[in-house]
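All remarks here apply to the structure that follows.
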Amino acid sequence: MLRLLVGVLLLCIAACTSGRTDIPAAQAGLLSIEEFSARFAELARQSLPDATVDLLGGPKVKVASGAGASRSTWFPDNAYREYRRDPADLDDIFERQVSSLEEFFRVDIRPDSDNLLACVRAKLEEIEPAAVEMNRAAVPIAGDLHRFVCRDSPRNIAILNKDAVADARSGIPDFDNRIIDNITRLSGPVVYRDLDGLTMVTSSGNYEASLILVDAVWAELVRIHGPDLAFTLPSRDLFIVTSRLNSETLEILRTEAAKRFDRVSYSISPLVYGYRDGEISVLRE
């Protein structure tokens with residue numbers, strides 16, 4: 001029975017994430033992550049001739065507008081994982097990444113009450129000076145999970161730094177409730193996929209992890225599984241839940257959480273968390 005449940009879960013993960021979960025072993029002829037970042041930096045310079053583009057150690061790419069008012073630090077990890085999965089998609093990956101960067105610097109896209117939402121990400125490790133302000137805007141939830149304020153736009157999900165959050169808060173009435181309400185508005189319909197003791201919560205593919213901030217989502221999951229819940233968020237588009245009293249599905253959840261975290265883009269946490277009466281905590285073995 002356990003093997004059958006795992007098989008069903010894997011099939012559903014593949015279907016719900018468009019098969020974006022497995023990264024092959026290193027292949028001969030692939031760009032190294034340093035070469036990949038250097039290529040992106042060159043494309044960014046071509047696309048944004050008035051900006052300053054610096055290739056940092058790590059490797060990361062720092063981009064500042066001509067006036068220096070706007071800054072962005074590009075981390076290659078997620079894009080590089082996509083490239084390793086499908087090297088033939090290299091040009092498309094760079095096009096998406098550069099387009100996202102261009103959009104970030106567009107002066108006509110500003111944070112407002114319609115494009116801001118609360119988003120869940122992991123804490124930022126080994127942050128560079130350019131990212132310090134972003135980190136200060138993080139609100140701890142439990143374990144690796146932190147709540148940020150994000151700006152949603154067609155090609156870019158940008159995390160706001162503390163100054164941008166303060167400006168938005170001062171100009172948007174009922175700010176904290178608004179950014180929670182915007183999660184389901186921007187993510188689209190929420191679907192609860194039954195996996196015989198497990199539930200996969202899906203929406204647009206960008207904000208599944210952020211759904212843990214929505215009370216109505218938990219109300220439905222409590223209706224399905226009871227008040228004592230266990231869940232995992234290996235990546236921003238994988239939100240899997242079971243009853244913490246079901247030892248069989250809880251074992252699957254722990255195994256898949258650690259496994260998927262190492263294989264996905266936009267990873268968040270390998271941990272399993274508990275939920276009861278509105279409280280989230282790390283669920284220890």
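Just the heavy atoms: all of them, side chains too, but no hydrogens, waters or symmetry mates, feed the values below.
Shortest non-hydrogen contact noted between Leu283 and Gly274 is CB-N, 3.8 Å. Looking at every heavy atom in both residues, Ser32 comes nearest to Glu35 through N-OE1, 2.8 Å. Nearest approach of Thr232 to Ser269, heavy atoms of both residues: OG1-O, 4.4 Å. Residue Val272 comes nearest to Ala230 through the heavy atom pair CG1-CB, 4.1 Å, listed as atom of the first residue, atom of the second, then distance. Residue His146 comes nearest to Ile141 through the heavy atom pair C-CD1, 3.8 Å, listed as atom of the first residue, atom of the second, then distance. The nearest pair of heavy atoms linking His225 to Gly197 is CE1-O, 3.4 Å.
Looking only at atom types and distance, the side chain of Tyr275 has no donor-acceptor partner in the side chain of Asp228 under 3.5 Å away.
Looking only at distances, no side-chain donor or acceptor of Glu82 sits under 3.5 Å from a matching main-chain atom of Ile93. The backbone N or O of Val120 sits less than 3.5 Å from a side-chain atom of Ser210, completing a donor-acceptor pair. Between the Asn182 side chain and the Leu116 main chain, a donor and an acceptor come within less than 3.5 Å of each other. Looking only at distances, no side-chain donor or acceptor of Arg151 sits under 3.5 Å from a matching main-chain atom of Ile159. Of the possible donor and acceptor atoms, none in the side chain of Arg236 sits under 3.5 Å from a partner among the backbone N and O of Tyr207. Judged purely by atom type and a 3.5 angstrom limit, Ser37 has no side-chain atom pairing as donor or acceptor with the backbone of Glu34.
Applying the 6.0 Å contact sphere to CD of Glu42 captures more than 12 heavy atoms from other residues, nucleotides or ligands. Other residues, nucleotides and ligands place more than 12 heavy atoms under 6.0 Å from the CG atom of Asp174. Surrounding CD of Gln46 are more than 12 heavy atoms belonging to other residues, nucleotides or ligands, all under 6.0 Å away.
Between Val201 and Glu208 there is no side-chain heavy-atom pair separated by less than 4.5 Å. A heavy-atom distance below 4.5 Å is found between the side chains of Asp144 and Leu271.
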Show your working on salt bridge (Lys or Arg N to Asp or Glu O under 4.0 Å) between Asp114 and Arg178 and close with a plain yes or no.
-> CA-CA 9 Å; Asp114 291 327; Arg178 182 72 184 203; 2.9 Å; yes
I would like to know whether Phe94 and Phe36 meet ring pair (Phe, Tyr, Trp, His ring centres under 6.0 Å); could you show each step before the answer?
-> CA-CA 9 Å; Phe94 278 138; Phe36 185 85; 4.8 Å; yes
Can you list the steps and then say if Leu233 with Leu238 is a side chain to side chain contact (heavy atoms under 4.5 Å, CB included)?
-> CA-CA 6 Å; Leu233 302 172; Leu238 278 178; over 6 Å; no
Begin with the C-alpha distance, continue with both residues' side-chain angles, and end with the deciding distance and a verdict on salt bridge (Lys or Arg N to Asp or Glu O under 4.0 Å) for Lys259 and Glu256.
-> CA-CA 5 Å; Lys259 184 188 302 182; Glu256 291 302 313; 3.4 Å; yes
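Distance check, rounded to the nearest 0.5 Å: OG of Ser281 to CZ of Arg276 gives 11.5 Å. Separation of atoms CG (Asp152) and CD1 (Ile183) is listed at 11.5 Å; rounding is to 0.5 Å. The CG atom of Leu198 sits 10.5 Å away from the OG atom of Ser243 when rounded to the nearest 0.5 Å. Note that CD of Glu251 and OG1 of Thr249 are 9.5 Å apart. Values are rounded to the nearest 0.5 Å. Distance check: Ser47 OG to Gln97 CD gives 12.5 Å after rounding to the nearest 0.5 Å. Here the CZ atom belonging to Arg244 is positioned 13.0 Å from the CG atom belonging to Asn246, to the nearest 0.5 angstrom.
Test Thr202, Thr199, Val241 against Tyr192 for side chain to side chain contact (heavy atoms under 4.5 Å, CB included) and you get one pass: Thr199. The side chain to side chain contact (heavy atoms under 4.5 Å, CB included) with Phe231 is formed by just one residue from the set Thr242, Ile212, Ile240; it is Ile212.
Linking ILVMFWY residues whenever their side-chain heavy atoms come closer than 4.5 Å, directly or via other members, leaves Leu245 and Leu250 in distinct clusters. The cluster map of Ile, Leu, Val, Met, Phe, Trp and Tyr, joined by side-chain heavy atoms under 4.5 Å apart, puts Leu186 and Val191 in different clusters.
Under a 4.0 Å N-O distance rule, the pair Glu220/Arg223 qualifies as a salt bridge. Of the charged side-chain nitrogens involved, at least one lies within less than 4.0 Å of a carboxylate oxygen, so that Asp89 and Arg96 count as a salt-bridged pair. Ion pairing of Arg169 with Asp176 is present here, as a side-chain N (NZ or NE/NH1/NH2) and a carboxylate O approach within less than 4.0 Å.
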